[in-house]
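These notes are about the structure you will find just below.
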Amino acid sequence: MLEIQNLTKKYGHQLAVDHVSFTVPGGQVGILLGPNGAGKSTIIKSIAGLLRYEGGVGIEQMPARALEAKRIFAYVPEIPAMFDALTVREHIEYVRRAYNSPITDEGIEKLLARFELEDKQGKLGNELSKGMMQKVSICCALAIQPKVILLDEPMVGLDPAAIKELKEVVLELKSQGTTILISTHMLEMVKELWDVMFIMERGKIIGTFTREQTKDTDIEELFFQITGGGEQP
């Protein structure tokens, strides 16, 4: 479970996020949408522990800042960052040791195979394309074997095969009880994945919907209805 409680963030005198609260239940996929400048990035960075904020973030009923919570939380940023001098395999090994993850060597090999990185294991971080870095970032997050995972625009830069594989991974994680929050502009990519939707505008949540509530309503149509036909989410 991922719980956001009265999260507020100011940049100087500018209020970027205004007492936002929402919950993604365990074993469900939440999607966070909103026009540019709505506050999505601030929410995401706050959840990931990259910003100071007021309010609370709970991971599996623990404060997000607690060490035990950090051990079961994974984050795939919009812009992946690699260590220049580490190979693809060494990135994943670094994460395994840092998080004391139970993932096995066989498990790592399966991740590399799923995202077509087997023949790229020896490449250094500074030798990778944007798409390759994204794949490595996803593999590192999955190597933690998290209970809660945050994916920020995870499909940007991926080839069609990798997008298909990532969708399958998300559904597998969901079936295992993992809580997933995805922020994306690519609504068509998450149409078959989501369970609960949060729409932001001007620093607030202006709409929360479950798949059961929306039934056959297209999520793009719903987004434009709620935001008054503003920019793409």
Side-chain angles (χ1 to χ4, degrees), residues 1-26 28-83 91 94-95 98-99 125 130 133-134 136-138 140-144 146-157 178-186 190 194 196-208 227 230-233:
M1 177 184 291
L2 174 64
E3 299 173 278
I4 312 302
Q5 302 162 338
N6 292 313
L7 197 150
T8 301
K9 174 63 181 179
K10 292 181 179 179
Y11 294 100
H13 296 294
Q14 182 181 356
L15 186 61
V17 175
D18 185 6
H19 294 88
V20 164
S21 298
F22 64 86
T23 299
V24 184
Q28 291 196 11
V29 179
I31 55 174
L32 183 63
L33 312 175
N36 292 332
K40 300 191 306 297
S41 293
T42 299
I43 289 280
I44 290 162
K45 290 177 181 177
S46 296
I47 295 171
L50 302 177
L51 292 176
R52 294 179 181 273
Y53 57 86
E54 296 177 11
V57 176
I59 294 172
E60 293 291 282
Q61 300 182 327
M62 295 181 287
R65 294 186 177 97
L67 182 58
E68 289 305 310
K70 292 180 183 294
R71 284 177 175 163
I72 59 172
F73 173 79
Y75 169 50
V76 177
E78 179 179 4
I79 302 174
M82 302 286 104
F83 294 107
H91 276 87
Y94 173 81
V95 167
Y99 283 82
K130 167 66 166 62
M133 287 193 288
Q134 189 74 345
V136 175
S137 183
I138 291 168
C140 286
L142 296 176
I144 296 169
K147 297 292 186 183
V148 177
I149 185 168
L150 173 59
L151 302 154
D152 188 8
E153 297 291 356
M155 298 169 188
V156 173
T178 303
T179 303
I180 302 146
L181 180 62
I182 302 173
S183 176
T184 182
H185 286 74
M186 303 169 71
V190 295
W194 73 282
V196 58
M197 176 195 314
F198 309 103
I199 299 178
M200 289 192 70
E201 191 171 61
R202 298 179 182 178
K204 294 185 177 183
I205 299 289
I206 61 170
T208 300
T227 60
E231 297 176 75
Q232 281 283 350

From [X] [atom1] over to [Y] [atom2], what is the distance, rounded to the nearest 0.5 angstrom?
X: Asp18; Y: Leu7; atom1: CG; atom2: CG; value: 10.5 Å
X: Thr184; Y: Glu153; atom1: OG1; atom2: CD; value: 4.0 Å
X: Ile43; Y: Ile205; atom1: CD1; atom2: CD1; value: 6.5 Å
X: Glu54; Y: Asn6; atom1: CD; atom2: CG; value: 10.5 Å
X: Leu50; Y: Ser41; atom1: CG; atom2: OG; value: 11.0 Å

Does the pair Leu2 and Ile59 meet the rule for a side-chain contact (heavy atoms from CB on, under 4.5 Å), with working shown?
CA-CA 5 Å; Leu2 174 64; Ile59 294 172; 4.2 Å; yes
Lys147 atom NZ: more than 12 heavy-atom contacts under 6.0 Å
no
Count the heavy atoms belonging to other residues, nucleotides or ligands that lie under 6.0 Å from CD1 of Ile79, then report whether that count exceeds 12.
no
So, is the end of the Arg65 side chain (NZ or CZ) under 6.0 Å from the ring centre of Phe73 and within 45° of the ring's axis?
no
Is there a donor-acceptor contact under 3.5 Å from the side chain of Lys9 to the main chain of Arg52?
yes
My understanding is that only one of [options] makes a side-chain contact (heavy atoms from CB on, under 4.5 Å) with [X]; could you say which?
X: Ser183; options: Glu78, Lys40, Met200; result: Lys40
X: Tyr75; options: Ile44, Ile149, Ile47; result: Ile44
X: Val190; options: Ile31, Leu151, Val29; result: Ile31

Decide yes or no for [X] and [Y]: does some side-chain heavy atom of the first lie under 4.5 Å from some side-chain heavy atom of the second?
X: Ser21; Y: Glu3; answer: no
X: Leu67; Y: Arg71; answer: yes
X: Thr179; Y: Glu60; answer: yes
X: Leu150; Y: Val76; answer: no
X: Val57; Y: Ile4; answer: yes
X: Ile180; Y: Val24; answer: no
X: Met197; Y: Leu33; answer: yes
X: Val136; Y: Met82; answer: yes

Would you name the heavy atoms of [X] and [Y] that are closest together and state the gap between them?
X: Pro77; Y: Ser137; value: CD-OG, 3.6 Å
X: Ile182; Y: Pro154; value: CG2-CD, 4.0 Å
X: Lys130; Y: Val156; value: NZ-O, 3.4 Å
X: Ala74; Y: Ile144; value: CB-CD1, 3.9 Å

May I have the step-by-step check of side-chain contact (heavy atoms from CB on, under 4.5 Å) for Tyr11 and Thr42, ending in yes or no?
CA-CA 10 Å; Tyr11 294 100; Thr42 299; 3.2 Å; yes
